[in-house]
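Written below as structure tokens is the structure these notes are about.
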Amino acid sequence: MTQPSFATHEVFNQSPPFEDIDLFTVDQPLVDAVKANGGAAAERELSAFGKQWGSAAMADRGRLSNENTPKLRTFDAKGNRRDQVEFHPAYHELMAHSAEAGVHNSTWTVNGKPAGDAAEVIRAAKFYMAAQVETGHLCPITMTRASVGALAVQPDLLARVMPVLSTKSYDSSFAPWWQKRGMTVGMGMTEKQGGTDVRSNMTRAVRDGEAYRITGHKWFMSAPMCDAFLVLAQAEQGLTCFFMPRFAPDGSVNAIQFQRLKDKLGNRSNASSEVEFAGAYGERVGEEGKGIRTIIQMVQLTRQDCAIASVGLMRSGLAHALHHARHRSVFQKHLADQPLMQAVLSDMALHVEASTALVMRLCRAFDRTPHDAAEAAYMRLLTPAIKYWTCKSAPPFLYEAMECLGGNGYVEDGILARHYREAPVNAIWEGSGNVMCLDVLRALSREPEAAAAVLQSLAAETKGLPGAGETIAFIGKTFRRADGERVARLAVEKLALLAAAAALNGVSPRQAELFASTRLAASHASMYGAVELESGDARALLDRALP
Ligand SMILES: Cc1cc2nc3c(=O)[nH]c(=O)nc-3n(C[C@H](O)[C@H](O)[C@H](O)COP(=O)(O)OP(=O)(O)OC[C@H]3O[C@@H](n4cnc5c(N)ncnc54)[C@H](O)[C@@H]3O)c2cc1C
């Protein structure tokens with residue numbers, strides 16, 4: 001339909017909306033990475049998901065749920081506590097679509113066991129596509145999926161929860177979880193005096209028959225309308241993990257009192273609360289005193305999702321930038337055909353292609369870990385390294401993508417400003433940058449042989465790639481230093497780059513060579529486009545990124 005024109009001017013030389021596309025099939029690096037990591041059989045399913053999430057209707061839901069942020073209703077009109085958070089209907093629709101596609105649970109069987117085959121890879125491809133459209137709602141989605149990892153240490157509780165958690169239904173009603181069609185689970189660890197150092201938690205748990213009464217606070221507890229939370233509190237034997245439902249077993253509302261919602265830089269569709277527990281009902285998960293060991297099973301999975309979401313955000317930035325550059329003319333030539341813009345976009349495409357291959361390779365390790373010690377070692381050593389590198393590279397990447405759209409990139413009508421505000425949170429939560437580096441060092445010192453085997457296999461997979469040998473030598477030398485902590489960031493970044501080159505080599509060897517020659521053999525400049533690629537290589541990268 002032709003739009004009525006302005007009286008003063010015609011509208012032209014603006015790119016058309018980047019909507020109603022299949023987010024899967026237009027993304028050749030994703031298609032190839034899914035295939036290389038065992039997910040080829042799911043191509044149709046992923047294409048259906050890609051079409052749904054690439055639709056204009058879904059983009060609109062993303063916009064609406066971020067413009068109409070959640071509201072805390074602490075009290076009712078008569079002063080009684082209500083402690084409910086209201087979300088825009090678009091947010092609930094996003095939740096329902098993610099749940100329907102199993103993004104919150106498809107890596108588990110109905111009994112809470114790992115689903116096997118390529119379940120992690122397939123779900124990751126969905127998570128990556130959904131992140132391109134709306135990331136805030138993925139917070140309860142990732143936490144719900146990850147909670148099963150921790151609940152597994154308490155089989156009786158897991159058996160009760162899974163019939164509700166494993167459905168493909170999203171049920172937003174405020175009701176006891178056992179009466180619902182589906183449920184979501186959040187997590188409460190961070191307190192005012194410490195987030196990284198959860199041992200400093202002051203929240204107390206006192207036995208009350210078989211259960212516990214929990215008293216204290218959490219300084220950050222996201223997605224407060226979840227049906228239950230895994231919470232850390234100090235019990236008699238030390239820090240312990242608890243399952244804290246919104247309703248106590250007698251059907252009364254549990255004593256979970258929200259103080260206020262955080263006013264955040266981004267992640268605005270998602271509510272993050274400050275909360276007090278006034279003798280709240282909780283059930284123990286795992287042994288008393290083993291709280292960190294229990295909840296780390298959940299955190300390992302949310303860290304994986306932080307990496308996937310970061311790459312999804314970058315992919316969206318790249319796709320929007322490339323789409324715009326192919327339609328926008330400057331000095332009688334499309335931006336995409338200007339040599340300097342081509343240099344910027346192709347360097348960005350290389351970064352996203354390597355990052356996509358890397359996170360899908362990581363997900364293959366998650367798929368195979370239950371039966372394969374080498375994959376378990378890969379997962380243990382590389383999850384923190386990959387979270388570190390992908391999450392920290394997303395904000396500057398999105399800034400560059402935004403700039404490719406000029407002024408249009410900076411305004412809230414488009415999605416890039418939202419992506420840019422969203423990106424830093426993935427590096428901060430679930431263990432911030434330094435904490436990830438320290439975790440890599442921990443893996444190296446606790447399981448040195450397993451870590452050495454991972455490095456050896458990365459060496460084999462990158463054999464012959466420019467700069468790979470020197471990178472491996474540097475990593476080995478640096479990690480052996482007694483003062484390794486001081487230089488951990490550089491070594492962890494190089495480890496992630498090496499793993500990315502190896503993963504990319506298994507997907508598309510020519511791009512792996514380009515990646516290695518610009519990132520391993522040479523120091524990549526801090527700005528995109530400051531590398532020299534042959535024009536044929538640059539074109540191939542851009543064609544793969546968006547046909
Ligand atoms: C939007 C949002 C939502 C959140 N939702 C939740 C939630 O649902 N549940 C929950 O439990 N938490 C949540 N958090 C909290 C988040 O997990 C913490 O903020 C994070 O773990 C860091 O803890 P902290 O803020 O206490 O910072 P600190 O622990 O004080 O860390 C500050 C900085 O110091 C660095 N650092 C820490 N230790 C070391 C060290 N030994 N050496 C060098 N550097 C170090 C860290 O990397 C970090 O950069 C949320 C946070 C945000 C921003």
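When a ligand or atom number is given, it counts from 1 through the structure's own listing order. None of the values given here were measured: they were computed from a predicted structure.
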> Looking at Tyr388, is Arg489 sitting on its ring face, NZ or CZ under 6.0 Å from the six-membered ring centre and within 45 degrees of the normal?
Replying inline: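 Here Arg489 fails the 6.0 Å and 45° test against Tyr388.
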
>> Check for me whether Lys218 meets the cation-pi criterion with Phe277, that is, NZ or CZ under 6.0 Å from the six-membered ring centre and within 45 degrees of the ring axis.
In response: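 Not flagged: Lys218 not positioned over aromatic ring of Phe277.
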
> Is ligand 1 less than 4.0 angstrom away from at least one heavy atom of Gly186?
Replying inline: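 For ligand 1, residue contact (heavy atoms, under 4.0 Å) with Gly186 is absent.
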
Purely on distance, is any nitrogen or oxygen of [X] under 3.5 Å from one on ligand 1?
X	answer
Gly188	no
Asn434	yes
Val425	no
Gly194	no
Ser272	no
Lys264	no
Asn267	no
Phe220	yes

Check: [Y] and [X] side chains under 4.5 Å, non-hydrogen atoms:
X	Y	value
Tyr399	Tyr420	yes
Ser172	Met225	no
Phe229	Arg246	yes

In terms of residue, atom name and distance, what is the protein heavy atom nearest to [atom]?
atom	value
atom 9 (N) of ligand 1	Met187 O, 2.9 Å
atom 2 (C) of ligand 1	Trp429 CE3, 3.6 Å
atom 8 (O) of ligand 1	Ser222 N, 2.7 Å
atom 16 (C) of ligand 1	Thr190 OG1, 3.8 Å
atom 32 (C) of ligand 1	Thr196 OG1, 4.9 Å
atom 22 (C) of ligand 1	Ser432 OG, 3.8 Å

Are [X] and [Y] close enough that a side-chain donor and a side-chain acceptor fall under 3.5 Å?
X	Y	value
Ser272	Lys264	yes
Tyr212	Arg284	yes
Gln52	His97	yes

> Are Trp53 and His137 close enough that their ring centres sit under 6.0 Å apart?
Replying inline: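 Under 6.0 Å, so yes.
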
Verify, without hydrogens or angle tests, whether [X] (side chain) and [Y] (backbone) share a donor-acceptor contact under 3.5 angstrom.
X	Y	answer
Lys180	Ser173	yes
Lys290	Val285	no
Ser393	Thr390	yes
Glu100	Ser169	no

Sub-4.0 Å protein heavy atom near [atom]:
atom	answer
atom 25 (O) of ligand 1	no
atom 34 (O) of ligand 1	no
atom 48 (C) of ligand 1	yes
atom 11 (O) of ligand 1	yes
atom 53 (C) of ligand 1	yes

>> Just to be sure I'm reading this right: ignoring hydrogens, which of Ile428, Val275, Asn201, Leu438 gets closest to atom 20 (C) of ligand 1? Compare them by their nearest heavy atoms.
In response: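 Shortest heavy-atom distance from atom 20 (C) of ligand 1: Ile428.
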
> At a non-hydrogen distance cut-off of under 4.0 Å, which region of Met221 contacts ligand 1 (side chain, backbone, both, or neither)?
Replying inline: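 For Met221, only backbone atoms sit under 4.0 Å from ligand 1.
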
